[in-house]
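Start at 1 with the first residue, then count along the sequence. Keep in mind that what you see is a predicted model, and the values were worked out from it rather than measured.
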Amino acid sequence: MSDILCMYSTRTGNTKAAMEELAMALDAELVELNDGVDRSGAKGFLRSGMDAMRRTVAPLQPFETKKPLANYKLVILGTPVWAGRCSSVIRGFLKEKGYLLTNVSYVLLRGGNGKCEEVYQQMDKYLSQPHRTAVSLRAGSVGYHFWQEEFLRRTRAFLEGEEIQD
């Protein structure tokens, strides 16, 4: 049984694809989080942005993990960036369960060129300690695979107890 859990929300499928790749590379359990809100099409895009700006959250739909959240060595949260913030689905998860997580890493999927690093600090507010590793990816960009590999390198170093080098 894996000691790594990858959890994500997705609207377009980009975050899902990235998290599937990372889960496979780390031999991690993979779980999709959903709040049951229709976020498809133009209306879904607008609603997602408004929910993020207002910090609105809907109750999460039930999800299952193979063991209690607190028993994972690392939980990697994947989220699209909506209006400069994490998705309302991930925010809802963090508000509800963030206190259970001891070691967390972030994977942000963004549409723009900015790295959106301020989103890390927004998410850290729901945790008892700051994130361990993080990456901001843009699907289809030239640097996507480089930064994904760098995230994997830093994550493996953390898991092996090594000092993480910037």
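At a threshold of 4.5 Å between side-chain heavy atoms, the hydrophobic network of Ile, Leu, Val, Met, Phe, Trp and Tyr places M19 and M24 in two separate groups. Residues W82 and V37 are members of separate hydrophobic clusters, defined by side-chain heavy-atom contacts under 4.5 angstrom among Ile, Leu, Val, Met, Phe, Trp and Tyr.
Using modelled atom types and a 3.5 Å distance limit, the side chains of S87 and T79 yield a donor-acceptor pair. Side chain to side chain, T133 and R154 fail the donor-acceptor criterion of an N or O pair below 3.5 Å. Side-chain contact, Y8 with E20: no donor N or O sits under 3.5 Å from an acceptor N or O. Residues N103 and Y72 have side chains that never bring a donor and an acceptor to within less than 3.5 angstrom of each other.
Two residues are said to be in side-chain contact when any heavy atoms from C-beta on lie closer than 4.5 Å; L159 and K73 meet this criterion. Counting only heavy atoms from C-beta outward, the side chains of L137 and R110 never approach each other to under 4.5 Å. By the 4.5 Å heavy-atom criterion applied to side chains, R138 and V81 are not counted as neighbours. Side chains of T65 and L69 form a contact here, defined as non-hydrogen atoms less than 4.5 Å apart. For the pair N34/F63, no side-chain contact is recorded, criterion being any heavy-atom separation below 4.5 Å from C-beta on. Side-chain contact between V57 and D35: absent, with no pair of heavy atoms (C-beta onward) separated by less than 4.5 Å.
Counting only residues at least two apart or on different chains, no salt bridge (charged side-chain N to carboxylate O under 4.0 Å, His left out) pair has a member in residues 92-107.
A83 and M53 get closest at one heavy-atom pair: CB-CG, 3.5 Å. Of all the heavy atoms in G84 and V119, the pair that sits closest is O-CG2, 3.4 Å. In terms of heavy-atom proximity, V75 sits nearest to M7 at CG1-SD, 4.2 Å. When every heavy atom of A18 is checked against every heavy atom of L109, the shortest pair comes out as CB-CD2, 3.8 Å. F151 and I76 get closest at one heavy-atom pair: CZ-CG2, 4.0 Å. Of all non-hydrogen atoms in S105 and L74, the two that sit nearest each other are OG-CD1, 3.5 Å.
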Could you go step by step and tell me if R55 and D51 meet the salt bridge (charged side-chain N to carboxylate O under 4.0 Å, His left out) rule? CA-CA 6 Å; R55 293 181 177 89; D51 285 350; over 6 Å; no
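Around atom CZ of F45, no more than 12 heavy atoms belonging to other residues, nucleotides or ligands sit under 6.0 Å away.
Side-chain atoms of Q148 do not come within 3.5 Å of backbone N or O of L22 as any donor-acceptor pair. Q61 places no side-chain N or O within 3.5 Å of a backbone atom of L33 that could act as its donor or acceptor partner. Counting only distance, with no hydrogens or angles, the side chain of Y99 and the backbone of L94 share no donor-acceptor pair below 3.5 Å. At least one donor-acceptor pair under 3.5 Å links the side chain of D124 to the backbone N or O of H131.
A side-chain hydrogen bond (donor to acceptor under 3.5 Å, both in side chains) with S88 is found for exactly one of R47, R54, R39, namely R39.
Using a cutoff of 4.0 Å between basic side-chain nitrogens and carboxylate oxygens, K67 and D3 are scored as salt-bridged.
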